[in-house]
S.K.: 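Have a look at this one.
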There are 2 protein chains.
Amino acid sequence: MVRVSTRDEILRVAAEQFAHFGYKGTSLQDIAAGVGCSKATLLYHFASKDTILAELVEAAARELGELVARLEPLDAAAAQEAAIDGFVDLVLRYRQEAALIYGGMPQFLQEPAFADLLPHFDALCAAFAARSTDPDECVAAKVLLSGIVTVVIDEDLEPTDLRATLVGVARRALIHPHDKD
Amino acid sequence: MVRVSTRDEILRVAAEQFAHFGYKGTSLQDIAAGVGCSKATLLYHFASKDTILAELVEAAARELGELVARLEPLDAAAAQEAAIDGFVDLVLRYRQEAALIYGGMPQFLQEPAFADLLPHFDALCAAFAARSTDPDECVAAKVLLSGIVTVVIDEDLEPTDLRATLVGVARRALIHPHDKD
DNA sequence: GTCTATAACGAGATAGAC
DNA sequence: GTCTATCTCGTTATAGAC
(Lines give C-alpha, C1' and ligand atoms only; values in the text may rest on other atoms or scores of the structure.)
Protein backbone atom coordinates (compact mmCIF):
# COMPACT_ATOMS: atom_id res chain seq x y z
CA MET A 1 0.00 0.00 0.00
CA VAL A 2 2.80 2.39 -0.85
CA ARG A 3 1.17 4.13 -3.77
CA VAL A 4 -2.43 4.94 -3.19
CA SER A 5 -5.01 6.74 -5.22
CA THR A 6 -4.91 10.49 -5.63
CA ARG A 7 -8.11 10.66 -3.69
CA ASP A 8 -6.58 8.92 -0.66
CA GLU A 9 -3.48 11.02 -0.94
CA ILE A 10 -5.60 14.17 -0.83
CA LEU A 11 -7.26 12.94 2.34
CA ARG A 12 -3.89 12.13 3.90
CA VAL A 13 -2.37 15.51 3.14
CA ALA A 14 -5.53 17.36 4.14
CA ALA A 15 -5.63 15.58 7.51
CA GLU A 16 -2.02 16.52 8.08
CA GLN A 17 -2.44 20.17 7.21
CA PHE A 18 -5.82 20.66 8.88
CA ALA A 19 -4.36 19.24 12.09
CA HIS A 20 -1.36 21.51 11.84
CA PHE A 21 -2.76 24.79 10.61
CA GLY A 22 -6.45 24.38 11.26
CA TYR A 23 -9.26 24.13 8.75
CA LYS A 24 -9.47 27.85 8.08
CA GLY A 25 -5.68 28.10 8.10
CA THR A 26 -5.30 25.59 5.28
CA SER A 27 -6.14 26.53 1.70
CA LEU A 28 -6.86 24.22 -1.21
CA GLN A 29 -3.67 25.65 -2.68
CA ASP A 30 -1.71 24.33 0.30
CA ILE A 31 -3.24 20.87 0.03
CA ALA A 32 -2.71 20.74 -3.72
CA ALA A 33 0.94 21.66 -3.24
CA GLY A 34 1.34 18.92 -0.64
CA VAL A 35 -0.27 16.34 -2.89
CA GLY A 36 1.55 17.59 -5.97
CA CYS A 37 -1.49 18.38 -8.07
CA SER A 38 -3.69 21.33 -8.91
CA LYS A 39 -6.60 22.77 -7.01
CA ALA A 40 -8.89 21.67 -9.80
CA THR A 41 -7.90 18.06 -9.22
CA LEU A 42 -8.87 18.40 -5.58
CA LEU A 43 -12.28 19.65 -6.61
CA TYR A 44 -12.67 16.87 -9.13
CA HIS A 45 -12.39 14.29 -6.32
CA PHE A 46 -14.32 16.28 -3.72
CA ALA A 47 -17.26 18.58 -4.23
CA SER A 48 -15.82 21.22 -1.92
CA LYS A 49 -13.37 21.89 0.88
CA ASP A 50 -16.16 21.15 3.36
CA THR A 51 -16.62 17.73 1.79
CA ILE A 52 -12.98 16.88 2.44
CA LEU A 53 -13.45 17.86 6.07
CA ALA A 54 -16.64 15.82 6.38
CA GLU A 55 -15.02 12.70 4.98
CA LEU A 56 -12.05 13.06 7.30
CA VAL A 57 -14.25 13.33 10.35
CA GLU A 58 -16.64 10.59 9.30
CA ALA A 59 -14.63 7.53 10.27
CA ALA A 60 -13.57 8.94 13.61
CA ALA A 61 -17.12 10.01 14.39
CA ARG A 62 -18.48 6.58 13.54
CA GLU A 63 -16.01 4.83 15.81
CA LEU A 64 -16.75 7.29 18.59
CA GLY A 65 -20.42 6.45 18.20
CA GLU A 66 -19.64 2.76 18.44
CA LEU A 67 -17.65 3.31 21.61
CA VAL A 68 -20.50 5.27 23.17
CA ALA A 69 -22.95 2.54 22.20
CA ARG A 70 -20.75 -0.08 23.87
CA LEU A 71 -20.79 1.93 27.10
CA GLU A 72 -24.52 2.24 27.36
CA PRO A 73 -25.42 -1.20 28.78
CA LEU A 74 -22.58 -1.14 31.31
CA ASP A 75 -22.94 0.00 34.91
CA ALA A 76 -21.32 3.27 35.93
CA ALA A 77 -17.98 1.88 37.12
CA ALA A 78 -17.53 -0.47 34.18
CA ALA A 79 -18.55 2.21 31.72
CA GLN A 80 -16.04 4.59 33.25
CA GLU A 81 -13.17 2.15 32.78
CA ALA A 82 -14.26 1.19 29.29
CA ALA A 83 -14.66 4.85 28.35
CA ILE A 84 -11.15 5.71 29.46
CA ASP A 85 -9.58 2.76 27.67
CA GLY A 86 -11.67 3.18 24.57
CA PHE A 87 -11.23 6.91 24.27
CA VAL A 88 -7.46 6.85 24.72
CA ASP A 89 -7.26 4.15 22.11
CA LEU A 90 -9.50 6.09 19.75
CA VAL A 91 -7.62 9.38 19.88
CA LEU A 92 -4.30 7.59 19.47
CA ARG A 93 -5.60 6.04 16.25
CA TYR A 94 -7.13 9.30 15.04
CA ARG A 95 -4.55 11.81 16.18
CA GLN A 96 -4.91 14.28 13.35
CA GLU A 97 -8.67 14.09 13.26
CA ALA A 98 -8.75 14.66 17.00
CA ALA A 99 -6.52 17.70 16.62
CA LEU A 100 -8.80 19.06 13.96
CA ILE A 101 -12.01 18.45 15.87
CA TYR A 102 -10.89 19.42 19.32
CA GLY A 103 -8.49 22.16 18.37
CA GLY A 104 -11.17 24.11 16.60
CA MET A 105 -12.97 26.93 18.30
CA PRO A 106 -16.36 26.32 19.94
CA GLN A 107 -18.24 27.62 16.93
CA PHE A 108 -16.37 25.28 14.61
CA LEU A 109 -17.97 22.26 16.23
CA GLN A 110 -21.39 23.62 15.29
CA GLU A 111 -20.65 22.93 11.63
CA PRO A 112 -22.83 20.25 10.04
CA ALA A 113 -19.82 17.95 9.64
CA PHE A 114 -19.64 17.61 13.42
CA ALA A 115 -23.35 17.44 14.16
CA ASP A 116 -23.22 13.81 15.30
CA LEU A 117 -20.19 14.34 17.52
CA LEU A 118 -21.54 16.59 20.25
CA PRO A 119 -24.03 14.14 21.81
CA HIS A 120 -21.32 11.48 21.72
CA PHE A 121 -18.96 13.76 23.60
CA ASP A 122 -21.62 14.37 26.21
CA ALA A 123 -22.18 10.66 26.66
CA LEU A 124 -18.46 10.07 26.94
CA CYS A 125 -18.17 12.84 29.48
CA ALA A 126 -20.93 11.29 31.56
CA ALA A 127 -19.14 7.95 31.43
CA PHE A 128 -15.86 9.58 32.48
CA ALA A 129 -17.71 11.03 35.46
CA ALA A 130 -19.07 7.56 36.32
CA ARG A 131 -22.52 8.98 35.48
CA SER A 132 -22.37 11.25 38.51
CA THR A 133 -24.15 14.60 38.33
CA ASP A 134 -21.85 16.14 40.91
CA PRO A 135 -20.37 19.26 39.26
CA ASP A 136 -16.91 18.36 40.57
CA GLU A 137 -17.02 14.98 38.86
CA CYS A 138 -18.35 16.46 35.64
CA VAL A 139 -15.65 19.10 35.51
CA ALA A 140 -12.97 16.52 36.26
CA ALA A 141 -14.31 14.42 33.40
CA LYS A 142 -14.14 17.36 31.03
CA VAL A 143 -10.60 18.24 32.11
CA LEU A 144 -9.36 14.72 31.48
CA LEU A 145 -11.25 14.27 28.25
CA SER A 146 -9.91 17.42 26.67
CA GLY A 147 -6.50 17.08 28.27
CA ILE A 148 -6.04 13.66 26.73
CA VAL A 149 -6.90 14.92 23.29
CA THR A 150 -4.59 17.89 23.51
CA VAL A 151 -1.64 15.80 24.63
CA VAL A 152 -2.12 13.29 21.88
CA ILE A 153 -2.16 16.10 19.37
CA ASP A 154 1.37 17.13 20.36
CA GLU A 155 3.31 15.44 17.63
CA ASP A 156 6.61 15.35 19.48
CA LEU A 157 5.29 12.75 21.88
CA GLU A 158 5.94 9.08 21.20
CA PRO A 159 2.81 6.95 21.09
CA THR A 160 4.71 3.95 22.47
CA ASP A 161 3.81 4.09 26.12
CA LEU A 162 1.48 7.02 25.82
CA ARG A 163 -1.50 4.75 25.97
CA ALA A 164 -0.70 3.31 29.39
CA THR A 165 0.38 6.67 30.71
CA LEU A 166 -2.80 8.43 29.64
CA VAL A 167 -5.02 5.68 31.00
CA GLY A 168 -3.09 5.88 34.26
CA VAL A 169 -3.50 9.63 34.56
CA ALA A 170 -7.22 9.43 33.85
CA ARG A 171 -7.78 6.65 36.36
CA ARG A 172 -5.87 8.46 39.07
CA ALA A 173 -7.83 11.63 38.49
CA LEU A 174 -11.26 10.15 38.01
CA ILE A 175 -11.48 6.96 40.05
CA HIS A 176 -11.33 7.51 43.80
CA PRO A 177 -12.79 4.56 45.72
CA HIS A 178 -12.05 6.12 49.12
CA ASP A 179 -14.80 8.69 48.59
CA LYS A 180 -16.93 10.52 51.09
CA ASP A 181 -20.10 8.43 51.21
CA MET B 1 -16.97 52.30 33.49
CA VAL B 2 -20.05 51.62 31.40
CA ARG B 3 -19.02 53.56 28.32
CA VAL B 4 -15.43 53.07 27.37
CA SER B 5 -13.31 54.27 24.52
CA THR B 6 -13.80 52.86 21.05
CA ARG B 7 -10.34 51.39 21.31
CA ASP B 8 -11.24 49.39 24.42
CA GLU B 9 -14.51 48.36 22.86
CA ILE B 10 -12.65 47.00 19.85
CA LEU B 11 -10.44 44.94 22.13
CA ARG B 12 -13.43 43.63 24.04
CA VAL B 13 -15.33 42.58 20.93
CA ALA B 14 -12.23 41.14 19.30
CA ALA B 15 -11.46 39.02 22.38
CA GLU B 16 -15.01 37.73 22.35
CA GLN B 17 -15.03 36.84 18.69
CA PHE B 18 -11.49 35.46 18.51
CA ALA B 19 -12.32 33.18 21.43
CA HIS B 20 -15.51 32.05 19.77
CA PHE B 21 -14.60 31.72 16.11
CA GLY B 22 -10.81 31.69 16.23
CA TYR B 23 -8.41 34.29 14.88
CA LYS B 24 -8.64 33.16 11.28
CA GLY B 25 -12.36 32.66 11.64
CA THR B 26 -12.97 36.27 12.62
CA SER B 27 -12.78 39.04 10.04
CA LEU B 28 -12.29 42.75 10.62
CA GLN B 29 -15.78 43.07 9.17
CA ASP B 30 -17.14 40.88 11.97
CA ILE B 31 -15.39 42.88 14.68
CA ALA B 32 -16.48 46.19 13.17
CA ALA B 33 -20.07 44.99 13.08
CA GLY B 34 -19.85 43.93 16.74
CA VAL B 35 -18.40 47.28 17.76
CA GLY B 36 -20.74 49.23 15.53
CA CYS B 37 -18.14 50.98 13.43
CA SER B 38 -16.33 50.55 10.15
CA LYS B 39 -13.26 48.51 9.31
CA ALA B 40 -11.38 51.74 8.72
CA THR B 41 -12.00 52.79 12.32
CA LEU B 42 -10.51 49.52 13.53
CA LEU B 43 -7.42 50.18 11.49
CA TYR B 44 -7.20 53.74 12.74
CA HIS B 45 -6.82 52.44 16.30
CA PHE B 46 -4.69 49.43 15.44
CA ALA B 47 -2.07 49.07 12.74
CA SER B 48 -3.35 45.66 11.66
CA LYS B 49 -5.38 42.66 12.68
CA ASP B 50 -2.20 41.10 14.07
CA THR B 51 -1.70 44.11 16.29
CA ILE B 52 -5.11 43.61 17.87
CA LEU B 53 -4.17 39.99 18.57
CA ALA B 54 -0.82 40.97 20.05
CA GLU B 55 -2.36 43.50 22.40
CA LEU B 56 -4.96 41.00 23.55
CA VAL B 57 -2.33 38.42 24.37
CA GLU B 58 0.11 40.84 25.95
CA ALA B 59 -1.43 41.24 29.39
CA ALA B 60 -2.09 37.53 29.81
CA ALA B 61 1.43 36.69 28.68
CA ARG B 62 2.97 39.16 31.11
CA GLU B 63 1.04 37.72 34.04
CA LEU B 64 1.98 34.22 33.00
CA GLY B 65 5.62 35.30 33.00
CA GLU B 66 5.22 36.73 36.49
CA LEU B 67 3.71 33.48 37.72
CA VAL B 68 6.56 31.47 36.25
CA ALA B 69 9.08 33.83 37.86
CA ARG B 70 7.41 33.35 41.24
CA LEU B 71 7.76 29.57 40.91
CA GLU B 72 11.45 29.55 40.18
CA PRO B 73 12.87 29.98 43.71
CA LEU B 74 10.47 27.44 45.22
CA ASP B 75 11.26 23.79 45.77
CA ALA B 76 9.54 21.21 43.58
CA ALA B 77 6.57 20.49 45.85
CA ALA B 78 5.88 24.13 46.67
CA ALA B 79 6.26 25.16 43.06
CA GLN B 80 3.80 22.48 42.02
CA GLU B 81 1.13 23.74 44.40
CA ALA B 82 1.75 27.37 43.53
CA ALA B 83 1.67 26.56 39.82
CA ILE B 84 -1.69 24.84 40.10
CA ASP B 85 -3.26 27.63 42.15
CA GLY B 86 -1.71 30.37 40.06
CA PHE B 87 -2.55 28.87 36.71
CA VAL B 88 -6.16 28.13 37.54
CA ASP B 89 -6.51 31.67 38.79
CA LEU B 90 -4.88 33.05 35.67
CA VAL B 91 -7.00 31.24 33.11
CA LEU B 92 -10.15 32.12 35.02
CA ARG B 93 -9.26 35.79 34.76
CA TYR B 94 -8.25 35.49 31.11
CA ARG B 95 -10.82 33.07 29.78
CA GLN B 96 -11.13 34.45 26.30
CA GLU B 97 -7.43 34.96 25.83
CA ALA B 98 -6.83 31.42 27.01
CA ALA B 99 -9.35 30.12 24.51
CA LEU B 100 -7.65 32.04 21.77
CA ILE B 101 -4.14 30.96 22.67
CA TYR B 102 -4.81 27.36 23.55
CA GLY B 103 -7.57 26.70 21.07
CA GLY B 104 -5.37 27.56 18.13
CA MET B 105 -3.58 24.95 16.11
CA PRO B 106 0.07 24.09 16.84
CA GLN B 107 1.32 26.33 14.08
CA PHE B 108 -0.66 29.27 15.39
CA LEU B 109 1.46 29.41 18.55
CA GLN B 110 4.53 29.92 16.40
CA GLU B 111 3.30 33.39 15.50
CA PRO B 112 5.42 36.25 16.83
CA ALA B 113 2.62 37.40 19.13
CA PHE B 114 3.08 34.22 21.16
CA ALA B 115 6.86 34.01 21.07
CA ASP B 116 7.24 34.67 24.80
CA LEU B 117 4.57 32.22 25.78
CA LEU B 118 6.09 28.89 24.81
CA PRO B 119 9.00 28.87 27.29
CA HIS B 120 6.58 29.93 30.00
CA PHE B 121 4.34 27.01 29.21
CA ASP B 122 7.30 24.68 29.42
CA ALA B 123 8.26 26.05 32.82
CA LEU B 124 4.69 25.72 34.02
CA CYS B 125 4.55 22.18 32.75
CA ALA B 126 7.72 21.31 34.64
CA ALA B 127 6.26 22.81 37.80
CA PHE B 128 3.03 20.82 37.33
CA ALA B 129 5.18 17.69 37.09
CA ALA B 130 6.98 18.66 40.33
CA ARG B 131 10.12 19.05 38.19
CA SER B 132 10.21 15.34 37.54
CA THR B 133 11.62 14.12 34.24
CA ASP B 134 9.61 10.92 34.38
CA PRO B 135 7.61 10.79 31.13
CA ASP B 136 4.51 9.73 33.02
CA GLU B 137 4.65 12.79 35.21
CA CYS B 138 5.32 15.09 32.28
CA VAL B 139 2.42 13.72 30.32
CA ALA B 140 0.14 14.01 33.33
CA ALA B 141 1.21 17.62 33.71
CA LYS B 142 0.39 18.35 30.08
CA VAL B 143 -2.99 16.66 30.34
CA LEU B 144 -3.99 18.71 33.34
CA LEU B 145 -2.59 21.95 31.99
CA SER B 146 -4.44 21.76 28.73
CA GLY B 147 -7.51 20.18 30.26
CA ILE B 148 -7.90 23.08 32.67
CA VAL B 149 -7.69 25.61 29.88
CA THR B 150 -10.22 23.81 27.72
CA VAL B 151 -12.75 23.51 30.52
CA VAL B 152 -12.48 27.17 31.42
CA ILE B 153 -13.12 28.05 27.80
CA ASP B 154 -16.53 26.37 27.91
CA GLU B 155 -18.71 29.38 28.47
CA ASP B 156 -21.64 27.48 29.90
CA LEU B 157 -19.73 26.68 33.07
CA GLU B 158 -20.12 28.95 36.08
CA PRO B 159 -16.86 30.35 37.41
CA THR B 160 -18.22 30.34 40.97
CA ASP B 161 -16.77 27.13 42.34
CA LEU B 162 -14.81 26.26 39.26
CA ARG B 163 -11.63 27.46 40.88
CA ALA B 164 -11.75 25.03 43.80
CA THR B 165 -12.92 22.21 41.58
CA LEU B 166 -10.13 22.62 39.08
CA VAL B 167 -7.48 22.92 41.76
CA GLY B 168 -8.89 19.78 43.34
CA VAL B 169 -8.79 17.81 40.11
CA ALA B 170 -5.23 18.87 39.40
CA ARG B 171 -4.02 18.01 42.88
CA ARG B 172 -5.66 14.61 42.78
CA ALA B 173 -4.13 13.82 39.42
CA LEU B 174 -0.68 15.24 39.99
CA ILE B 175 0.14 14.94 43.67
CA HIS B 176 0.51 11.39 44.87
CA PRO B 177 2.50 11.18 48.12
CA HIS B 178 2.18 7.40 48.32
CA ASP B 179 4.60 6.97 45.44
CA LYS B 180 6.92 4.15 44.62
CA ASP B 181 10.21 5.26 46.19
C1' DG C 1 -8.25 12.41 -14.36
C1' DT C 2 -5.58 16.26 -14.64
C1' DC C 3 -4.51 20.58 -16.24
C1' DT C 4 -4.62 26.11 -17.21
C1' DA C 5 -7.40 29.97 -17.06
C1' DT C 6 -10.67 32.57 -14.96
C1' DA C 7 -14.76 33.84 -12.56
C1' DA C 8 -16.77 35.48 -8.17
C1' DC C 9 -16.07 36.67 -3.85
C1' DG C 10 -14.17 38.18 0.71
C1' DA C 11 -10.12 39.36 3.11
C1' DG C 12 -6.80 43.02 5.05
C1' DA C 13 -5.37 47.42 4.31
C1' DT C 14 -5.14 52.44 2.27
C1' DA C 15 -6.79 57.20 0.54
C1' DG C 16 -9.01 61.02 1.33
C1' DA C 17 -13.40 63.56 2.56
C1' DC C 18 -15.76 65.19 6.62
C1' DG D 1 -11.93 59.97 15.02
C1' DT D 2 -14.94 58.08 11.79
C1' DC D 3 -16.61 57.40 7.42
C1' DT D 4 -17.12 55.69 2.14
C1' DA D 5 -14.77 54.14 -1.61
C1' DT D 6 -11.15 51.67 -3.43
C1' DC D 7 -6.98 48.78 -4.01
C1' DT D 8 -4.73 44.40 -3.93
C1' DC D 9 -4.41 39.95 -2.91
C1' DG D 10 -5.80 35.18 -1.78
C1' DT D 11 -9.62 32.29 -1.48
C1' DT D 12 -13.13 28.72 -3.24
C1' DA D 13 -15.06 27.07 -7.15
C1' DT D 14 -16.08 26.54 -12.30
C1' DA D 15 -15.15 26.09 -17.51
C1' DG D 16 -13.21 23.87 -20.89
C1' DA D 17 -8.95 21.99 -23.27
C1' DC D 18 -6.14 17.78 -23.31
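Proteins come first, then strands; the chains are lettered A, B, ... in the order of their sequence lines, and each starts at number 1.
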S.K.: Within the pair A:T41 and C:dC3, is there a side-chain N or O less than 4.0 Å away from OP1 or OP2?
M.R.: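 For A:T41, the contact criterion (side-chain N or O under 4.0 Å from OP1 or OP2 of C:dC3) is met.
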S.K.: Regarding A:L43, tell me which of base, sugar-phosphate or nothing describes its non-hydrogen contacts under 4.0 Å with the strands shown.
M.R.: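 The answer is base, as A:L43 lies within the cut-off (heavy atoms under 4.0 Å) of a base atom.
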S.K.: Hey, is the side chain of B:T6 poking within less than 4.0 Å of OP1 or OP2 on D:dT2, counting only N and O atoms?
M.R.: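 So the side-chain polar atoms of B:T6 do come within 4.0 Å of the phosphate oxygens OP1 or OP2 of D:dT2, strictly under.
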S.K.: Could you state the CD1-P distance from A:I10 to C:dG1, rounded to the nearest angstrom?
M.R.: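 Value for this atom pair: 11 Å.
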S.K.: Return the value, rounded to whole Å, for the distance between atom NZ of A:K49 and atom C1' of C:dC9.
M.R.: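 Taking atom C1' of C:dC9 as the reference, NZ of A:K49 is at 15 Å.
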S.K.: Counting only side-chain heavy atoms from C-beta out, which of D:dT4, C:dA13, C:dT4 sits nearest to B:A40?
M.R.: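 Closest nucleotide among those given: D:dT4.
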S.K.: Hey, does the side chain of A:Q17 reach the backbone of A:D30 with a donor-acceptor pair shorter than 3.5 angstrom?
M.R.: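 Checked: pair present.
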S.K.: Counting the benzene-type ring for Trp, do B:F121 and B:Y102 have ring centres under 6.0 Å apart?
M.R.: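 They qualify: ring centres under 6.0 Å apart.
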S.K.: Has B:K24 got a side-chain atom pairing as donor or acceptor with A:F21's backbone, closer than 3.5 angstrom?
M.R.: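 Looks like no, no N/O pair under 3.5 Å.
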S.K.: When all nucleic acid strands are considered with a 4.0 Å heavy-atom cut-off, which category describes B:T51: base, sugar-phosphate, or nothing?
M.R.: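 Since no nucleic acid heavy atom lies under 4.0 Å of B:T51, the category is nothing.
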S.K.: Distance from B:H45 atom NE2 to B:D8 atom CG, nearest 0.5 Å?
M.R.: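 Between B:H45 NE2 and B:D8 CG, I get 10.0 Å after rounding to 0.5 Å.
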S.K.: So what does B:S27 hit on the nucleic acid, given a heavy-atom distance under 4.0 Å: a base, only sugar-phosphate, or nothing?
M.R.: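 Sugar-phosphate contact only.
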S.K.: Give a yes or no on whether a salt bridge exists between A:E16 and A:R12, defined as a side-chain N under 4.0 angstrom from a carboxylate O.
M.R.: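 Looking at A:R12 together with A:E16, the answer is yes, because their closest N to O distance falls below 4.0 Å.
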S.K.: Quickly work out the A:L28 CG to C:dA8 C1' distance and round it to whole Å.
M.R.: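 Value for this atom pair: 15 Å.
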S.K.: Roughly, in whole Å, what's the span from CZ in A:R7 to P in C:dT2?
M.R.: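 Taking atom P of C:dT2 as the reference, CZ of A:R7 is at 12 Å.
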S.K.: Rounded to whole Å, please give me the gap between CG in A:L53 and P in D:dT11.
M.R.: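 My rounded result for the distance is 18 Å.
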S.K.: Which nucleotide in the list D:dT11, D:dA15, D:dT4 gets nearest to the side chain of A:Q29?
M.R.: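 So the nucleotide nearest the side chain must be D:dT11.
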S.K.: D:dT12 phosphate, OP1 or OP2: any side-chain N/O from A:S48 under 4.0 angstrom?
M.R.: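 It does not, given that no N or O in the side chain of A:S48 lies less than 4.0 Å from OP1 or OP2 of D:dT12.
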S.K.: Does B:C37 or A:K39 map to a spot on DNA chain D nearer the 5' end, using the closest nucleotide for each?
M.R.: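 Taking each residue's closest nucleotide, the earlier one in sequence belongs to B:C37.
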S.K.: Can you tell me the distance, in whole Å, between the CD1 atom of A:I31 and the P atom of D:dG10?
M.R.: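 Computing the A:I31:CD1 to D:dG10:P distance gives 18 Å.
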S.K.: Write down the distance between CG (B:D50) and C1' (C:dA13), rounded to a whole number of angstrom.
M.R.: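 Going from CG in B:D50 over to C1' in C:dA13 covers 12 Å.
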S.K.: Which whole-number value in Å describes the distance from B:L42 CG to C:dA13 C1'?
M.R.: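 From B:L42 CG to C:dA13 C1': 11 Å.
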S.K.: Quick one: is C:dG1 close enough that its OP1 or OP2 comes under 4.0 Å of any side-chain N or O from A:Y44?
M.R.: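 So the side chain of A:Y44 is within the cut-off, an N or O lying under 4.0 Å from OP1 or OP2 of C:dG1.
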